[in-house]
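Following: one structure in structure tokens, then a few remarks.
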Amino acid sequence: MAAALGEEAPDNEDYYGLLNVRREASQEELKAAYRRLCMLYHPDKHRDPELKSQAERLFNLVHQAYEVLSDPQTRAIYDIYGRRGLEMEGWEVVERKRTAAEIREEFERLQREREERRLQQRTNPKGTISVGIDATDLFDRYDEEYEDVPGSSFPQIEINKMHISQSIEAPLTSTDTAILSGNLSTQNGNGGGSINLALRRVTSAKGWGELEFGAGDLHGPLFGLKIFRNLTPRCFITTNCALQFSSRGVRPGLTTVLARNLDKNTMGYLQWRWGIQSAMNTSIVRDTKTSHFTVAMQLGIPHSFMMVSYQHKFQDEDQTRVKGSLKVGFFGTIVEYGAERKISRHSVLGATVSVGVPQGVSLKIKLNRASQTYFFPVHLTDQLLPSAVFYATVGPLVIYFAMHRLVIKPYLRAQKERELEKQRESTASDILQKKQEAEAAVRLMQESVRRIIEAEEARMGLIVVNAWYGKFVNDNSRKNEKVKVIDVTVPLQCLVKDSKLILTEASKAGLPGFYDPCVGEEKSLKVLYQFRGVLHQVMSADNEALRIPKQSHRIDADG
């Protein structure tokens with residue numbers, strides 16, 4: 001489809017930016033922007049062979065952008081999926097008279113078919129490694145009579161349990177999936193493992209069913225059936241039946257969960273479990289953009305409890321979260337508090353302190369790395385010792401900030417530089433082409449800019465004195481970084497109409513006469529202009545809309 005529109009444009013070409021119109025622009029606005037650029041780039045206006053060739057290329061590019069955006073069908077595809085969407089196989093069988101909504105549905109169908117072809121290659125591996133550490137000797141040493149025992153001068157820290165589990169999925173068809181999982185566990189020298197195979201089928205848009213078969217050395221064969229069903233758009237039910245075969249006979253089990261949306265952010269759950277550990281559980285979970293709140297109550301054998309937990313989500317780049325919970329039951333009381341933070345693109349590190357009676361004090365460290373989870377519960381003491389609580393709280397904070405400053409931050413900075421360098425290398429040819437196009441556009445604009453300036457001077461209107469686009473460094477802490485800017489005075493003056501300059505909310509790199517001088521880095525536009533004989537100055541972010549002139553941009557005469 002795109003090939004029929006003329007000369008190929010780069011995959012990342014921003015058609016809206018090229019025409020300098022809003023994404024919500026009407027057909028009239030598109031046509032006006034197209035006509036203006038056609039007058040600027042029309043090949044017949046240039047006699048010089050080199051300028052004529054450059055004008056033809058830019059004219060075809062503008063024509064291609066207008067052809068896509070002026071057609072409601074192709075525009076609907078481009079808005080969601082970009083130029084790659086226009087190249088999707090299968091469009092040749094789509095009727096041309098469909099609405100934008102129908103075109104969108106058809107594209108999604110074609111994309112689903114392509115995703116299904118890729119599905120066979122996906123295994124979606126998930127794994128958990130848990131290592132239990134007994135560090136009670138740090139805070140609760142042996143009596144003096146045992147001091148003569150060799151090696152007793154050093155606290156004994158032991159690994160007393162370990163658990164490893166792994167699962168993979170093997171899609172068989174678009175509705176059937178096989179899931180293979182296994183686990184190994186050991187505690188105080190004794191351990192075992194098991195392996196499970198589950199077959200899941202999506203029966204309809206409202207539900208699915210799953211058969212599970214398992215075997216292990218700790219328990220006998222396992223047979224299970226799990227069913228999920230949407231009862232209403234706001235309510236669903238899950239039922240899990242299991243038969244565990246062992247030397248003691250057959251142990252049946254049944255778990256049913258009924259859930260309902262109480263409002264947009266709140267879910268209510270009712271759970272009934274019958275079997276070896278029968279219980280009834282009621283919980284309410286409220287999850288918003290900034291917080292996560294849970295309250296639950298369980299009545300059962302052997303555990304009955306009430307639990308309240310709260311988690312606050314900071315809206316920062318590292319997705320920091322702090323959490324706390326209180327759990328009271330027949331087993332005692334447990335208070336937990338902790339935090340987690342994103343330390344890299346695919347890794348989240350968290351630490352939780354658990355203080356309970358009679359459980360004692362524990363520190364739980366968790367690292368999520370992509371689809372793998374590493375969990376380290378460290379048992380510090382069986383008693384409520386203030387020293388254990390203090391070190392469990394302060395120790396991880398000190399270690400984290402030291403590691404973040406000395407290891408994580410330098411590593412991420414180096415990784416970002418490597419990624420930027422790779423991005424620059426991969427886009428070097430495209431950037432060179434865009435630079436040549438921008439320089440050609442500036443040459444083609446010279447005559448038009450001269451006329452615009454004459455008209456603006458006659459009415460004491462808007463004159464762009466200087467304009468720069470790229471990376472500016474004003475912070476002293478970043479003074480060693482290189483400034484990377486290009487002069488865009490002529491392209492901006494060319495966009496002035498009736499003493500006004502309006503730029504939309506899009507990257508300025510797509511504007512005629514512009515290109516990206518620093519790929520992957522933050523960019524800004526700095527403009528020094530004259531209006532009514534008075535100097536004005538403004539700096540705006542790359543994707544920020546800009547409208548000049550404005551009184552707030554005025555440079556004080558005293559300054």
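Residues take their numbers from the sequence shown, with the count starting at 1.
- Two residues are said to be in side-chain contact when any heavy atoms from C-beta on lie closer than 4.5 Å; V322 and F314 meet this criterion.
- Contact of the P396 side chain with the L363 side chain is registered, since non-hydrogen atoms from C-beta on lie closer than 4.5 Å.
- Taking the side chain as every heavy atom from C-beta outward, K161 and S130 never approach each other to under 4.5 Å.
- Taken from CD in Q271 to OG in S283, the straight-line distance is 8.0 Å, to the nearest 0.5 Å.
- Note that OG1 of T381 and CZ of F139 are 8.0 Å apart. Values are rounded to the nearest 0.5 Å.
- Residues meeting the side chain to side chain contact (heavy atoms under 4.5 Å, CB included) test with C241, sequence neighbours left out: T239, L254.
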Step-by-step side chain to side chain contact (heavy atoms under 4.5 Å, CB included) determination, E212 to R200: CA-CA 9 Å; E212 182 180 9; R200 179 181 298 171; over 6 Å; no
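- Side-chain contact between E522 and K471 is absent, with no heavy atoms from C-beta onward closer than 4.5 Å.
- Residues satisfying the side-chain hydrogen bond (donor to acceptor under 3.5 Å, both in side chains) test with T238, not counting sequence neighbours, are none.
- The ring-ring contact (aromatic ring centres under 6.0 Å, His included) check on Y400 picks up H404, with sequence neighbours excluded.
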Chi angles and distances behind the side chain to side chain contact (heavy atoms under 4.5 Å, CB included) call for Q298, H303: CA-CA 8 Å; Q298 175 174 303; H303 297 303; 4.2 Å; yes
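- Heavy atoms only, all atoms of each residue included: D542 and A509 are closest at OD1-N, 4.3 Å.
- A search for ring-ring contact (aromatic ring centres under 6.0 Å, His included) contacts involving F213 returns F223, not counting sequence neighbours.
- Neither side chain, R201 nor T175, offers a donor N or O lying under 3.5 Å from an acceptor on the other.
- For the 3.5 Å distance criterion, the side chains of R273 and T255 fail to qualify, holding no donor opposite an acceptor.
- Taking OG of S387 as the reference point, atom CG of L380 lies at 9.5 Å (rounded to 0.5 Å).
- Note: Y391 OH to L138 CG = 10.5 Å, rounded to the nearest 0.5 Å.
- Between F236 and K206, every side-chain heavy-atom pair lies at or beyond the 4.5 Å cut-off.
- For E340 (side chain) and K366 (main-chain N/O), no donor-acceptor pair under 3.5 Å exists by modelled atom type.
- Looking at L199 and D176, their side chains never come closer than 4.5 Å, going by heavy atoms from C-beta outward.
- With a 4.5 Å cut-off on side-chain heavy atoms, K313 and K289 do not count as touching.
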Stepwise salt bridge (Lys or Arg N to Asp or Glu O under 4.0 Å) test for D263 and R286: CA-CA 9 Å; D263 61 36; R286 181 170 178 81; 3.3 Å; yes
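- Rounded to the nearest 0.5 Å, atoms OG1 (T186) and CE (M162) are 8.0 Å apart.
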Residue pair I157, I133: steps toward the side chain to side chain contact (heavy atoms under 4.5 Å, CB included) verdict: CA-CA 7 Å; I157 299 178; I133 301 173; 3.5 Å; yes
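- Remark: the backbone N or O of T136 is paired with a side-chain donor or acceptor of D134 at under 3.5 angstrom.
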Candidate pair M306 and V295, rule side chain to side chain contact (heavy atoms under 4.5 Å, CB included), full reasoning: CA-CA 8 Å; M306 289 188 64; V295 57; 5.7 Å; no
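- For the residue pair Q244 and P221, the shortest heavy atom distance occurs at NE2-O, 3.4 Å.
- The shortest distance between side-chain heavy atoms of E417 and Q415 does not fall below 4.5 Å.
- Atom CG of N368 is separated from atom OG1 of T128 by 8.5 Å, given to the nearest 0.5 angstrom.
- Without hydrogens or angle criteria, N230 side chain to T232 main chain gives no donor-acceptor distance under 3.5 Å.
- For N543 (side chain) and S507 (main-chain N/O), a donor-acceptor pair under 3.5 Å exists by modelled atom type.
- Closest approach of S304 to L299, counting heavy atoms only: OG-CA, 3.5 Å.
- Shown here are the side-chain hydrogen bond (donor to acceptor under 3.5 Å, both in side chains) partners of H379, two or more places apart in sequence or in another chain: S362, D382.
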Residues 329-337 side chain polar contacts: donor-acceptor under 3.5 Å, at least two apart:
residue, atom, partner, partner atom, Å
E336, OE2, S354, OG, 3.4
E336, OE2, K364, NZ, 2.9
Y337, OH, T393, OG1, 2.6

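- Inspection of the T320 and D318 side chains reveals no N or O donor paired with an N or O acceptor under 3.5 Å.
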